Visitor: 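Structure below; questions to follow.
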Amino acid sequence: MNTIWIMTKNNLKLLWRRKVMIIIALVGMIATTAAVANAFHTLLDKADDAQGFKLGYTVAQGSKYELVIDTLMDELEKEDIVTQKYSSADADKLIESGEQDVFVTFDKDSYSIVGSEKKSVETRVIQYSLFNVERNMNAFMSGGLKSVEVKESELPTTKTPDAENYYCHAFICCFLSISPIFLSVIYYEDRKNRIWQRYKTGKAGSVSVYLGKYLASFITTMVVFPLLGTLAFCLLFDMKPCNLLIYGGLLALAGLGFTSFGILFFILFKQPAVSIGSMFMILWFVSYLGGVYETYIYCSIPETIKRLSPLYYLNRSLIELSVNGESDYAIPCVIIMISMTVVFSAIGMIATKVKKEV
Amino acid sequence: MNDTVVKLDGLIKKYDNRPVVDGLSLEIKEGEIFGLLGPNGAGKSTTMNMICSLLKPTAGSVEVFGMDIKKDINKIKPLIGYIPQELAIYGNLKAWENVELFTSLYDIKGKELKGAIDEALDFVGLSEKRNSFAKTFSGGMKRRLNIACALGHKPKLLIFDEPTVGIDPQSRNFILEKIKAINKMGTTVIYTSHYMEEVEAICSKVAIMDNGKIVACGTKDELKNMVRKDPDEEVSLEQVFLTLTGKKLRDYVEG
């Protein structure tokens, strides 16, 4: 433990004495966020426009939805959605002619939604609203609720973060994922001056050498991005992180996962330039799928592909927690980050032991 | 004082089936300053790397203090101090931090570690510069710090791989005096250098390697007698070296 502590401490000194690199990373993150948030401001504001649209619907006789339909429509009207009831109608024709933007057919026990291609956001608003109503009704049927309520707060479902809040979260996640790049200065010196020979001839095992670098990189990452980055974003862009304990916990797990992933590149490749290049290439793609550049809200990439990116889970969890206070992606995100830490750390330690250079 | 510290037996190291060290057998006794000489590519560094476990031999055995390097590597490591040819120090760490980092690799902690840092820096004359960054040091000071980093854990065998490359005569003299002083304190030393006068000045025994093999081994006088034609003839170690290894240029590519 003593060796790991002294190695971590000295590696931290090596990292923090390159102040310029850390300042550039921090300023770079803030500048990129400001630029991207500004550029996509209009796009994300589209969510607000989603309130003013036309909704047509039919309700089958004896449908379980009769119980709540009037309250639901009243609440939707309050959200500036113009509703119109039909006794019978061809949903596709109404949408095609532009008479309605979204159409819902309430059958006896189910409902179907048809939306115009141009009104995908609005369709999703209705989809999510009905999902909440359905959940509420099911609880009522099973005796969990005394009466069925349609809460206004549940209606504007795709409660979308504003551009600043979205990109503040997204870029903290993105920069956190590439932060092992700081370690390049240590690996560069290790190889240029063949310092690895001292580690190999020393009594300390490869695990200590690995952990000395790993912990230094992790601590630096956490201080620079989740701590200083969040502080700067809160002050400059009015970022609204969720519960700080959950926010910090998720980012700490992500820090552990991405540090173990990033270090691998420095262990596997001899040239730091190759390590940085290949790490960037993979993380750029992961960031793209994870909604860092194009928001996951409007991204046209299929959900199954987006789910290949660990950043998608992290990004979405943090944003949904910030905006809605809950996220179905938080638990999968925790599992993915822990798995990344375990798998990549194990590979890193084995590679450090096997490789000639540490 | 005659116990064997290093024993190499039929040591072979091959790269792509090309032998770099070819059946080397050698014994280094306790208290010796053992000079290992040879032209570029002779296999000196490879041999030393195998002694301090940086490389695994293709065949043959390495024993250090009577222990097999394959079986007892963890017991052997604290007994060896390796001073590489390169300046294996961090420029952005202070002198004491460099010594602390590399001494801690031997599980030395607390007061013992602090004492070891002070002693090592004092020994190489860098006590007053302990709080200066290594990157601000002159070439000679960096060389001395490079040595201090291998002294903290008080090894019984020190391996110097060309420790005086590129420094001024004063620093070189200082380092050579210190090597003699360490040796007087009971530490066995293996020393390689291309500077024959250095080897002549400090080594008690010398081996000359060429093409991965020992071509001659003995005291300086024994080696000189091998090439001396007339008993009164003055012979330098350089003459011995050139006679035994030839005058042909040795260009070689690493690996």
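Just so it is clear: chains get the letters A, B, ... in the order the sequence lines come, proteins before strands, and each one is counted from 1. Just so we're clear, the structure is a prediction, and the values are computed from it rather than from any experiment. Below, all heavy atoms of this structure are taken into account, side chains as well, without hydrogens, waters or symmetry copies.
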Visitor: Show the nearest heavy-atom pair for residues A:Gly202 and B:Lys77, with the distance to one decimal.
Guide: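 Smallest interatomic distance, heavy atoms only, reads O-CD, 3.1 Å.
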Visitor: With sequence neighbours excluded, what pairs up with B:Lys109 under the side-chain contact (heavy atoms from CB on, under 4.5 Å) test?
Guide: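 B:Lys109 satisfies side-chain contact (heavy atoms from CB on, under 4.5 Å) with A:Asn2 only.
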Visitor: Taking atom NZ of B:Lys156 as the centre, report whether more than 12 heavy atoms of other residues, nucleotides or ligands fall under 6.0 Å from it.
Guide: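 Not more than 12 within 6.0 Å, no.
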Visitor: Report yes if the side chains of B:Tyr106 and A:Thr201 come closer than 4.5 Å at any heavy-atom pair, otherwise no.
Guide: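 In short, these two side chains touch, coming nearer than 4.5 Å.
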Visitor: Could you tell me whether B:Lys129 atom NZ has more than 12 heavy atoms of other residues or ligands within 6.0 Å of it?
Guide: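 For B:Lys129, atom NZ is not crowded (no more than 12 foreign heavy atoms under 6.0 Å).
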Visitor: Rounded to the nearest 0.5 Å, what's the gap from NZ on A:Lys200 to CG on B:Asn49? Could you check?
Guide: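 Output value for this atom pair is 12.5 Å.
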Visitor: Does A:Phe285, at its CZ atom, have more than 12 non-hydrogen atoms belonging to other residues, nucleotides or ligands within less than 6.0 Å?
Guide: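 No - once you tally the heavy atoms of other residues, nucleotides and ligands closer than 6.0 Å, there are 12 at most.
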Visitor: Quick one: NZ on A:Lys203 to CG on B:Leu79, what's the gap to the nearest 0.5 Å?
Guide: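 Those atoms lie 10.0 Å apart.
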Visitor: Just wondering, are more than 12 heavy atoms of other shown residues or ligands nearer than 6.0 Å to CG in A:Leu245?
Guide: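 Open.
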Visitor: Closest approach of B:Glu86 and A:Asn193, non-hydrogen atoms and distance?
Guide: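 Reported closest heavy-atom pair: CB-O, 3.5 Å.
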Visitor: Compare all side-chain heavy atoms of A:Gln197 with those of B:Pro84 and state whether any distance is below 4.5 angstrom.
Guide: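 Touching, per the 4.5 Å side-chain cut-off.
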Visitor: Are there more than 12 heavy atoms of other residues, nucleotides or ligands under 6.0 Å from atom CH2 of A:Trp5?
Guide: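 Counting neighbours around CH2 of A:Trp5, 12 or fewer heavy atoms of other residues, nucleotides or ligands fall under 6.0 Å, so no.
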Visitor: With respect to chain A, which residue among B:Leu87, B:Leu93, B:Ile73 yields the maximal number of heavy-atom pairs within a distance under 4.5 Å?
Guide: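 Of the candidates given, the most pairs with chain A belong to B:Leu93.
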Visitor: Any carboxylate oxygen within less than 4.0 angstrom of a Lys/Arg side-chain nitrogen, looking at B:Glu97 and A:Arg17?
Guide: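 Judged by the 4.0 Å cut-off on N to carboxylate O distance, B:Glu97 and A:Arg17 do form a salt bridge.
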Visitor: Might you confirm whether atom CZ of B:Phe133 has over 12 heavy atoms from other residues, nucleotides or ligands at distances under 6.0 Å?
Guide: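 For B:Phe133, atom CZ is crowded (more than 12 foreign heavy atoms under 6.0 Å).
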Visitor: Can you check whether anything in residues 248-265 of chain A gets within less than 4.5 Å of chain B, heavy-atom wise, and list it by number?
Guide: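 Counting heavy atoms that sit under 4.5 Å from chain B, no residue of residues 248-265 of chain A is involved.
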Visitor: With a 4.5 angstrom heavy-atom cut-off, could you sort out which part of B:Lys94 is near chain A: side chain, backbone, both or neither?
Guide: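 Answer is both: backbone and side chain atoms of B:Lys94 are under 4.5 Å from chain A.
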Visitor: Please check: side-chain N/O of A:Thr3 versus main-chain N/O of B:Ser104, any donor-acceptor pairing under 3.5 Å?
Guide: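 Checked: pair present.
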Visitor: Side chain, backbone, both or neither: which part of B:Asn146 has a heavy atom under 4.5 Å from chain A?
Guide: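 Contact with chain A involves both backbone and side-chain atoms of B:Asn146.
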Visitor: A quick test of your reading: do over 12 heavy atoms of other residues, nucleotides or ligands sit less than 6.0 Å from NZ of B:Lys75?
Guide: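 Counting neighbours around NZ of B:Lys75, 12 or fewer heavy atoms of other residues, nucleotides or ligands fall under 6.0 Å, so no.
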Visitor: Are the side chains of B:Leu101 and A:Tyr199 in contact, using a 4.5 Å heavy-atom criterion?
Guide: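 A:Tyr199 vs B:Leu101: side chains touch.
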Visitor: For chain B, find which of A:Arg18, A:Glu189, A:Lys9 contributes the most heavy-atom pairs closer than 4.5 angstrom.
Guide: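 That would be A:Glu189.
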Visitor: Could you walk me through whether B:Leu113 and A:Ile6 satisfy the side-chain contact (heavy atoms from CB on, under 4.5 Å) test, starting with their C-alpha distance in whole Å, then the side-chain angles of each, then the deciding distance to 0.1 Å, before giving a yes or no?
Guide: CA-CA 11 Å; B:Leu113 178 60; A:Ile6 292 177; 3.3 Å; yes
Visitor: If you look at every heavy atom in B:Leu54 and A:Trp196, which pair is closest and at what distance?
Guide: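 The answer is CD2-CZ3, 4.0 Å.
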Visitor: If we ignore hydrogens and angles and just use 3.5 Å, is the side chain of A:Arg198 paired with the main-chain N or O of B:Ala88 as donor and acceptor?
Guide: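 Confirmed, A:Arg198 side chain pairs with B:Ala88 backbone.
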